[in-house]
Amino acid sequence: MTPVQRILRGGIEVTVKKPNVVINYTKHMGGVDRADQLASTYCFLRKSLKWWCKLFFWGLGICSIDSYILYKITKQQRGEQPLNHLRYVKTLVQQLTGNFRQTRARASTSTSESENIRLNGKLHSILTGVRKDCKVCSQRNNPGKRHQTTYYCDTCPDKPGMHLGSCFIKYHTKQNYKD
Ligand SMILES: [Zn+2]
Ligand SMILES: [Zn+2]
């Protein structure tokens with residue numbers, strides 16, 4: 001409790017005791033409101049986020065706001081013009097992400113890796129599925145030489161289509177398997 005002066009109706013001044021929490025609240029609520037306002041301006045919390053994700057991003061958001069407040073104070077102390085909130089957030093995002101790009105899961109493995117699997121001498125399972133060109137005996141650009149099959153190797157990375165028998169053997173034993 002802290003004693004404070006209060007003027008009653010009629011101009012009589014009295015000393016009353018006020019709880020410190022109330023004093024602190026009145027003193028700092030402007031700042032809380034300002035922070036809430038900044039937080040709501042470029043809010044990136046989405047409904048779809050998991051709760052723990054939300055918590056993390058909320059914390060990150062608070063850090064971003066606090067850093068902007070400190071940045072502004074520093075700039076003002078130096079007599080420099082600070083960036084506005086949006087430009088600041090954009091710059092921050094660029095600096096945090098850098099040149100990072102989400103790499104998409106590639107559809108096919110690299111040539112050398114898929115070749116290692118192709119010629120690994122282990123058991124390869126043949127299955128049937130949709131009609132595909134035979135990887136070995138078919139020449140796509142040569143109309144009369146295009147041969148299709150529903151058999152494919154389920155073990156090789158690209159699930160290539162191939163005939164049973166010699167095509168299968170060639171594909172899995174020869175470096176240059178093309179007919
Ligand atoms: Zn074939
Ligand atoms: Zn295979």
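Values below: all heavy atoms of this structure, side chains included; hydrogens, waters and symmetry mates excluded.
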Are Y152 and L127 close enough, and set up right, to give a side-chain contact (heavy atoms from CB on, under 4.5 Å), and what steps lead you there? CA-CA 6 Å; Y152 68 93; L127 295 177; 3.5 Å; yes

State, with a plain yes or no, whether a side-chain heavy atom of [X] is found less than 4.5 Å away from one of [Y].
| X | Y | result |
| --- | --- | --- |
| H172 | C156 | yes |
| R118 | Y177 | yes |
| L83 | T91 | yes |
| R146 | N142 | no |
| K170 | K178 | no |
| C153 | M162 | yes |
| T150 | V130 | no |
| P3 | V16 | no |

How far apart are the C-alpha atoms of L119 and Q175, what are their side-chain angles, what is the distance that settles it, and do they pass the side-chain contact (heavy atoms from CB on, under 4.5 Å) test? CA-CA 8 Å; L119 302 170; Q175 189 93 28; 4.3 Å; yes

Nearest-0.5 Å distance, [atom1] of residue [X] to [atom2] of residue [Y]:
| X | Y | atom1 | atom2 | result |
| --- | --- | --- | --- | --- |
| K132 | S138 | NZ | OG | 13.0 Å |
| L96 | L92 | CG | CG | 4.5 Å |
| L70 | K75 | CG | NZ | 14.0 Å |
| D133 | Q148 | CG | CD | 5.0 Å |
| R140 | K135 | CZ | NZ | 10.5 Å |
| I117 | K122 | CD1 | NZ | 9.5 Å |

Residue pair [X] / [Y], side-chain donor-acceptor N/O under 3.5 Å:
| X | Y | answer |
| --- | --- | --- |
| S67 | Y88 | yes |
| S125 | D154 | no |
| T15 | Q5 | yes |

Around atom NZ of K159, are there more than 12 heavy atoms of other residues, nucleotides or ligands at under 6.0 Å? yes

Please give me the minimum heavy-atom distance between [X] and [Y], naming the atom from each residue.
| X | Y | value |
| --- | --- | --- |
| M1 | N20 | N-ND2, 3.8 Å |
| I7 | E13 | CG1-CG, 4.2 Å |
| Y171 | P160 | OH-CG, 3.5 Å |

Does Y71 reach the main-chain N or O of P82 with its side chain, forming a donor-acceptor pair under 3.5 Å?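 No.
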
Under 3.5 Å: donor-acceptor pair, side chain of S64, backbone of L60: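 No; judged by distance alone, with no hydrogens or angles, the pair does not exist.
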
Suppose we call two aromatic rings close when their centres sit under 6.0 Å apart. Are H163 and Y151 close by that rule?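 No, ring centres 6.0 Å or more apart.
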
Kindly work out whether a path of hydrophobic side-chain contacts (I/L/V/M/F/W/Y, heavy atoms less than 4.5 Å apart) joins V136 to I126.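 Yes, V136 connects to I126 through the hydrophobic network.
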
